[in-house]
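What follows is one structure encoded as structure tokens, with my remarks underneath.
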Amino acid sequence: MDIPRIFNITESAHRIHNPFTPEKFATLGAALRLETATRVLDLGSGSGEMLCTWARDYGVTGTGIDMSQLFTEQAKLRAEELGVADQVKFIHGDAAGYVSDEKVGVAACLGATWIGGGVAGTVNLLAKSLCVGGIILIGEPYWRKLPATEDIAKGCLAGSLADFLLLPDLLASFGALGYDVVEMVLADQNGWDRYEAAKWLTMRRWLEANPDDEFVGEIRAQLTSEPKRYAMYTREYLGWGVFALMAR
Ligand code: SAH
């Protein structure tokens, strides 16, 4: 079981697989006023940077589940590197339907809400693992400005314009699910650059190291087209943020 290989190639050198930076994760941890020994569940935990740094900085404990074998291995190594391997656990697997045995104080899904079939389904899934009074974290894109055409939305790699909302509407949608938005930390274009532009050097080095791989054509095409596509579309139109929710 694994995610499509293209992501394991283009994001192999990423510690954070979304437009957040280490500073944004630190800001989010501080904003949530995390307390020592708070249990955190992270669905789609990637290379584990959020759990590992929060374990180091705030003394939380936690479990991450991710379908990428590579990212899960990297998360385990990162936990050892930061000296928090006794506080955090990383499981390689499908997080769809995952409910923790012990209830958690923070249940998160950052940049992987397809795991629950969309934002609403993921909020419902995370709620099943949450203590009374706990916090749900959703990391999700939104339109910084509404694309004038479906072609622009597709240029942002959205399936359609309807895939995302404007920020005010996204915030209101959490209310419609019965949740208060109690905090938010938004990514910025610098963070987008760290996420997207970091793929380019990874792709270039991968091409040099793997000249006979069956993916060469695809990676070559992406490396050629991505910088312009990213600057024209994603960087201009797409925002991303982490939203902290508490049930009303
Ligand atoms: N939250 C992480 C990773 C976001 S990228 C971070 O902020 O860095 C999306 C992640 O979802 C990837 O790591 C991918 O491997 C994982 N993923 C995709 N489908 C999944 C599934 N069904 N179950 C668990 N993880 C999944």
Side-chain angles (χ1 to χ4, degrees), residues 1-29 31-32 40-56 60 62-79 81-82 88-100 104 106-119 121-126 128-129 135-141 157-159 163-164 184-188 191-199 202 234 238-244:
M1 180 205 313
D2 215 315
I3 58 171
R5 186 170 174 227
I6 185 80
F7 301 113
N8 283 325
I9 295 173
T10 58
E11 299 189 24
S12 64
H14 284 55
R15 236 174 221 162
I16 300 171
H17 304 265
N18 68 53
F20 253 29
T21 57
E23 294 74 30
K24 294 284 181 182
F25 270 132
T27 300
L28 179 62
L32 296 175
V40 182
L41 172 68
D42 191 7
L43 303 187
S45 44
S47 298
E49 193 67 4
M50 181 177 81
L51 279 179
C52 290
T53 56
W54 285 3
R56 178 194 63 191
V60 306
T63 303
I65 297 104
D66 198 281
M67 209 152 90
S68 164
Q69 188 156 12
L70 174 68
F71 300 167
T72 306
E73 275 315 305
Q74 290 178 165
K76 290 176 184 171
L77 291 174
R78 185 71 172 145
E81 185 184 15
L82 297 187
V88 293
K89 185 170 88 180
F90 292 100
I91 300 168
H92 173 233
D94 188 346
Y98 185 91
V99 178
S100 64
V104 300
V106 176
C109 181
L110 272 50
T113 50
W114 56 84
I115 284 173
V119 171
T122 300
V123 167
N124 289 337
L125 172 61
L126 293 170
K128 292 180 187 167
S129 297
I135 291 179
I136 288 179
L137 298 179
I138 293 288
E140 186 70 4
L157 306 184
D163 282 7
F164 305 124
M184 71 174 187
V185 177
L186 302 181
D188 55 24
W192 271 111
D193 295 345
R194 289 307 82 237
Y195 177 49
E196 295 292 340
K199 297 176 190 174
T202 301
T234 305
L238 218 52
W240 196 90
V242 177
F243 306 93

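Small disclaimer: the values here were computed from a predicted structure and weren't measured. These values consider heavy atoms only, across backbone and side chains, with no hydrogens, waters or symmetry-generated copies. Whatever order the structure lists ligands and atoms in, that order sets their numbers, starting from 1.
Any N or O atom pair closer than 3.5 Å counts here, and Ala95 shares at least one such pair with ligand 1. Note: no N/O pair closer than 3.5 Å links Phe71 and ligand 1 by distance alone. Below 3.5 Å of separation, one finds an N or O of Leu110 facing an N or O of ligand 1. Below 3.5 Å of separation, one finds an N or O of Asp66 facing an N or O of ligand 1. For ligand 1, none of its N or O atoms has an N or O atom of Ser47 under 3.5 Å away. For Asp42, no nitrogen or oxygen atom sits less than 3.5 Å from a nitrogen or oxygen atom of ligand 1, counting backbone and side chain alike.
Checking Gly139, Gly44, Gly111, Gly97 against atom 9 (C) of ligand 1, the nearest heavy atom belongs to Gly111. Among Met67, Gln74, Gln69, the residue whose heavy atom lies nearest to atom 20 (C) of ligand 1 is Met67.
For ligand 1, the atoms closer than 4.0 angstrom to any heavy atom of Ile3 are 14 (C), 15 (O), 18 (C). Ligand-side atoms of ligand 1 in range of Ser45: 2 (C), range being under 4.0 angstrom from any heavy atom. Per-residue contacts place Ile16 under 4.0 angstrom from the following atoms of ligand 1 (heavy atoms of the residue considered): 8 (O). In the vicinity of Asp94, heavy-atom distances shorter than 4.0 Å reach the ligand 1 atoms 21 (C), 22 (N), 23 (N). In the vicinity of His17, heavy-atom distances shorter than 4.0 Å reach the ligand 1 atoms 3 (C), 4 (C), 5 (S), 6 (C), 8 (O). Taking every non-hydrogen atom of Asn18 and a distance limit under 4.0 Å, the qualifying atoms of ligand 1 come out as 6 (C), 7 (O), 8 (O). Within ligand 1, counting atoms from 1 as listed, the ones closer than 4.0 Å to a heavy atom of Gly93 are 23 (N), 24 (C). Ligand-side atoms of ligand 1 in range of Ser68: 15 (O), range being under 4.0 angstrom from any heavy atom.
Evaluation of the ring pair (Phe, Tyr, Trp, His ring centres under 6.0 Å) rule for Phe7 yields no partner, not counting sequence neighbours. By the ring pair (Phe, Tyr, Trp, His ring centres under 6.0 Å) test, Tyr98 pairs with no residue at all, sequence neighbours left out.
Taking the six-membered ring for Trp and thresholds of 30 and 60 degrees, Trp192 and Tyr195 have ring planes inclined between 30 and 60 degrees apart.
The main-chain N or O of Ser45 is found under 3.5 Å from a side-chain atom of Asp66 such that the two form a donor-acceptor pair. Put simply, the side chain of Ser129 gets close to the backbone of Ser100: a donor and an acceptor are under 3.5 Å apart.
Residues Leu43 and Thr122 fail the side-chain proximity criterion, which asks for heavy atoms closer than 4.5 Å. Counting heavy atoms from C-beta outward, Leu186 and Asp188 have side chains that stay 4.5 Å or more apart.
Look at Phe7 and you'll find every heavy atom at least 4.0 Å from all atoms of ligand 1.
Closest protein heavy atom to atom 18 (C) of ligand 1: Trp114 NE1, 3.4 Å.
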